[in-house]
Amino acid sequence: MTTVASWNVNSLKVRLPQLVEWLAANPIDVIGLQETKLTDEHFPQAELEALGYHVLRSGQKTYNGVALLSRQPIEATKVDLDGFDDPQRRVAIGTSGGVRYLNLYVPNGQAVGSEKYAYKLRWLEALHRLVQAELAAHPQLVVMGDFNIAPDDRDVHDPAAWAGQILCSDAERGALQGLLGLGLTDTFRLFEQPEASFSWWDYRQAGFRRNLGLRIDLILASNALRDRCHSSTVDKEPRRAERPSDHAPAVAQFQSHPL
DNA sequence: ATGGTGGCGCGGCCA
């Protein structure tokens, strides 16, 4: 079995002890991290390699930053969307154990109609083109990350309040559906799930205690991998910690490819 | 309530 996780840690510097503890308690083979918020020179490479992981990181100061960790070597790596010049570090792509992994920190978008929203939609268009090319080259593809899009109303604690708002707008959801239309499946929805299952809760207003959340952290799988997916969940345990990330990790298990 | 909390870094931006 190959276990894949995606976790927006909201500062790897602050969350490293929690990440180390979580990886020690959970048999994770591949993990995509988002919002590491540190430059590559400050990345805790030795600490994570000591846990047995190979590392691909693409960081910057203060904002954004992603990393891909795998127990197997990572090759043929990329850290940009083709043809989309962007100083913001939001992409970590690599092949590991015969599977292609795309780890993404999709722009938040701030508010519908804002400049950041326009950037988000342009970014998603570039992502669409990239995923199309990646799928053609790599039938076994995982696309994971903080999508900053709640796929549908089941993924929103108060759909009426969020209707048309950032993370839920038709254009954002349409862009996600466009990705799925290329031949990807939201693995979480392959399985029965409890109602009101979320992956992000605002720090404000006691959002986690009241379960005022959204499910925006996704693990998508190509058709070949979907058929080998055995489970897909959100692990809320790290969100209960002292000084937690505002996101919980998504976790999906895949039956290993028969060699 | 144009608020609330948290991270970065030390004022204001971003989520």
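Note on naming: letters A, B, ... go to the chains in the order of the sequence lines (proteins, then strands), and numbering restarts at 1 for each one. From a predicted model like this one, the values you see are computed outputs, not experimental measurements.
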Check R122(A) with E125(A), please: is the shortest side-chain N to carboxylate O separation under 4.0 Å? no
Expressed as a whole number of angstroms, how long is the span from L12(A):CG to dG6(B):C1'? 16 Å
Looking at R243(A), does any N or O in its side chain come under 4.0 Å of the phosphate oxygens OP1/OP2 on dT5(B)? no
Interatomic distance at P, dG4(B) relative to dG9(B), whole Å: 24 Å
I need a per-nucleotide contact map over nucleotides 10-15 of chain B, read 5' to 3'. Cutoff is protein heavy atoms under 4.0 Å; write B for the base, S for backbone only, - otherwise. ---BSB
Selection residues 173-199 of chain A - residue pairs positive for ring pair (Phe, Tyr, Trp, His ring centres under 6.0 Å), sequence neighbours left out: none
Expected output: side-chain D146(A) to main-chain Y105(A) donor-acceptor under 3.5 Å: no
What integer distance in Å separates F208(A):CZ from dG6(B):C1'? 16 Å
Spacing between K13(A) atom NZ and dG6(B) atom P, to the nearest angstrom: 18 Å
Rounded to whole Å, the CG-C1' distance (L33(A) to dG7(B)) equals 17 Å
Expressed in whole Å, how much space separates the P atoms belonging to dG3(B) and dG12(B)? 14 Å
Check whether more than 12 heavy atoms from other residues, nucleotides or ligands sit under 6.0 Å from atom CG of D85(A), and answer yes or no. no
Is the side chain of K120(A) donor-acceptor paired with the backbone N or O of I166(A) at a distance under 3.5 Å, no angle test? no
Would you say Q34(A)'s side chain and N8(A)'s backbone share a donor-acceptor pair under 3.5 angstrom? yes
Measuring only the C1' atom in each nucleotide, how far is dT2(B) from dA15(B)? A whole number of Å is fine. 16 Å
For Q18(A) and dG7(B), what is the distance between atoms CD and C1' respectively, to the nearest whole Å? 13 Å
